[in-house]
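Right, one structure below, let's go through it.
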Number of protein chains: 2
Amino acid sequence: MTAHRDQLDALGVAADHRQANGAGRTVPDATVARLALYLRALTSLADAGTATVSSESLASAAGVNSAKLRKDLSYLGSYGVRGVGYDVELLTEQIRSTLGLNQNRAVALIGLGHLGQALAGYAGFASRGFRIAALVDNDAALVGTFVRGLAVQHSDELENLVRAEDISIAVIAVPASVAQEVCDRLVAAGVTSILNFAPAVLNVPPHVDVRKVDLAAELQILSFHDNRKAVQADIEADAALAHSNGAGLSARAGQAGTA
Amino acid sequence: MTAHRDQLDALGVAADHRQANGAGRTVPDATVARLALYLRALTSLADAGTATVSSESLASAAGVNSAKLRKDLSYLGSYGVRGVGYDVELLTEQIRSTLGLNQNRAVALIGLGHLGQALAGYAGFASRGFRIAALVDNDAALVGTFVRGLAVQHSDELENLVRAEDISIAVIAVPASVAQEVCDRLVAAGVTSILNFAPAVLNVPPHVDVRKVDLAAELQILSFHDNRKAVQADIEADAALAHSNGAGLSARAGQAGTA
DNA sequence: ACGCTCTTGTGAAGGCATTCACAAAATCGA
DNA sequence: TCGATTTTGTGAATGCCTTCACAAGAGCGT
Ligand SMILES: NC(=O)c1ccc[n+]([C@@H]2O[C@H](COP(=O)([O-])OP(=O)(O)OC[C@H]3O[C@@H](n4cnc5c(N)ncnc54)[C@H](O)[C@@H]3O)[C@@H](O)[C@H]2O)c1
Ligand SMILES: NC(=O)c1ccc[n+]([C@@H]2O[C@H](COP(=O)([O-])OP(=O)(O)OC[C@H]3O[C@@H](n4cnc5c(N)ncnc54)[C@H](O)[C@@H]3O)[C@@H](O)[C@H]2O)c1
């Protein structure tokens, strides 16, 4: 167990992608998702002063198995050395380049409520290749306040900001009821990638990518497995009981049935 | 496009699951992840007063295709009526039951910094089947303060709280440097499911499930596709230019190459 | 009672992703 | 120079998931 399959997202609209990289190869989506993980692990290694790493140890640092890691890296080309491993710095550069992180991408954050404030202050974005270039909210009390040295702008400015800063990625942290409307405006202004925290399905034209983060859904997935474990334990307990007893039904809840 | 494949998570450790439901059938992981989505869509429909829904319209409300939805629901049993559709209330109950949401599960939240504060105040958890039963931090300045009517407890109390409230699910929102340590304590206290926000790979025993949320990774995945689009646009622009020009290289960045 | 229409439920096919397992490449020491 | 050792890169096999396409079932009007 330890985690679910490969965490096939709770989320997920539908579509397909393939990318032609420098070498002309194609990178599977599942691989792209893991490249981000490898990058994180490589950064730790570099910080620790490691210059070279084997697929085995990088894989374990990233929490995947080494065959998968090697196959993933093979889509980028051959940057390892047989018998030795991968050069940490070179591989980092390769992955950054594949992910398009060499240009410190500008990101807009829409909605500076509870979640938005936390995100705006999150150091992990900056350190991993993103520059928050615009903070937007429509609450007059928030507009003009500063978060991490950046002023919150009124949502009337949304289109101007997206164009002025050449923003292609936006994060939506507004209530679900206005998420589609905000999304439409972002798309109209030229945004092509959206990370959506609102529990709403966004409709976008085909050239726009949406990824969603649904925290309650994540918990529900955990709940399913947790429940499964409990039911399993029940079955086993009952089986054990049946020996001494006859036909027991343990006290545990056991939700898997037919309601 | 519209979204990536099925948003194979950026995250994901490795493992496999299968669940025997009431009918003795097995529910694929990919399906479990989508059940949470369907549930959300069903709740909206119920709020709107809809009593019955076809696979076609429920699918579109959830942003998936209808064949997939029907196949997914078929793992729970036959709760639809041919020629008519699904009863919203009945289906809701079925999914809730499958996900183990009929017992308002108690959740612990560890770390009440920027992110933790936002999560603690998030209404979406309560409305979708979870009760935040414990808030834990080790910062003396936070302990004793109240968030949504619940007092923040000192982390020394962690084990006691988990046992007292019979908590099996925990959310980790502490710095990455202490995430493993917090995780170990949670597991030792009896937690079996963890949602991890810290950018760190957690090692857990096999009976414990971990799901991770890595926001920077999400952005990096978006970045990859965004970059791909830009490169593609370049190629096309160059091809067009080549006709009038000879051999042009457009101004655009074009990061997909070999660094 | 019957035929028409609608929509589910599901075998079968096809497509991806993961895992296996090993030949090929590189280094090192003798 | 050569053999031992290490570790990559990748065909091939396997297993999931998705998608297709349609028979079976349910309601409805006549
Ligand atoms: N708080 C969390 O931990 C959390 C977790 C997961 C998901 N979410 C989701 O994220 C979204 C935001 O959550 P929150 O807790 O921060 O809510 P919030 O109410 O605290 O913040 C929403 C913010 O959006 C702003 N806003 C509203 N309409 C706007 C518009 N048209 N343009 C620009 N800004 C606008 C509001 O002024 C407010 O500041 C919600 O959809 C919520 O469901 C929140
Ligand atoms: N802020 C964000 O939007 C965001 C987004 C994604 C991921 N994250 C991650 O989530 C985690 C929290 O982020 P944050 O911005 O809230 O950080 P933060 O520094 O604001 O909060 C961390 C909290 O954890 C508490 N803490 C530290 N050690 C603890 C321990 N041993 N036991 C209990 N509590 C402890 C601290 O007192 C603090 O209140 C980090 O790992 C961060 O990388 C944050």
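Below, chains carry the letters A, B, ... as their sequence lines are ordered, and counting in each starts from 1.
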Closest to the 5' end of DNA chain D, once A/Ala67 and B/Asp72 are matched to their nearest nucleotides, is A/Ala67
So does B/Glu56 have more than 12 non-hydrogen atoms from other groups sitting under 6.0 Å from CD?
-> no
Test item: A/Lys229 side-chain N/O and B/His207 main-chain N/O as donor-acceptor pair under 3.5 Å | yes
List the protein contact pattern of nucleotides 3-8 of chain D with one symbol per nucleotide (5' to 3'): B for base contact, S for sugar-phosphate-only contact, - for none; contact means a heavy-atom distance under 4.0 Å.
-> ---BBB
Donor + acceptor pair across side chains of A/Ser168, B/Asp226 (<3.5 Å) = yes
OP1 or OP2 of D/dT19 less than 4.0 angstrom from a side-chain nitrogen or oxygen of B/Asn65, does that happen here?
-> yes
Using atom CG of A/Asp87 as one end and atom P of C/dA26 as the other, report the distance to the nearest whole Å.
-> 15 Å
Cut-off 3.5 Å, side chains only: do A/Asp72 and A/Tyr38 have a donor facing an acceptor?
-> yes
Between A/Leu76 (CG) and D/dT10 (C1'), how many Å, whole number?
-> 15 Å
D/dT19 phosphate, OP1 or OP2, under 4.0 Å from B/Lys68 side-chain N/O | yes
Here the distance between atom C1' of C/dG9 and atom CG of B/Leu69, to the nearest Å, is 12 Å
Polar side chain donor-acceptor pair, B/Ser57 to B/Ser54, under 3.5 angstrom = yes
Candidates C/dG9, D/dG9, D/dC17 - which lies nearest the side chain of B/Ser74 = C/dG9
Whole-Å distance between D/dA13 C1' and A/Lys71 NZ?
-> 11 Å
What is the distance from CG of B/Leu58 to P of C/dT7, rounded to the nearest Å?
-> 14 Å
Taken to the nearest whole Å, CG/A/Leu73 to P/D/dG9 is 8 Å
Okay, side chain of B/Asn196, backbone of B/Ala200: is any donor-acceptor separation there less than 3.5 Å?
-> yes
State whether the side chain of B/Arg128 and the backbone N or O of A/Ala216 hold a donor-acceptor pair below 3.5 Å, judged by distance alone.
-> no
Whole angstrom value for the distance that separates P of C/dG15 from CG of A/Asp29 = 17 Å
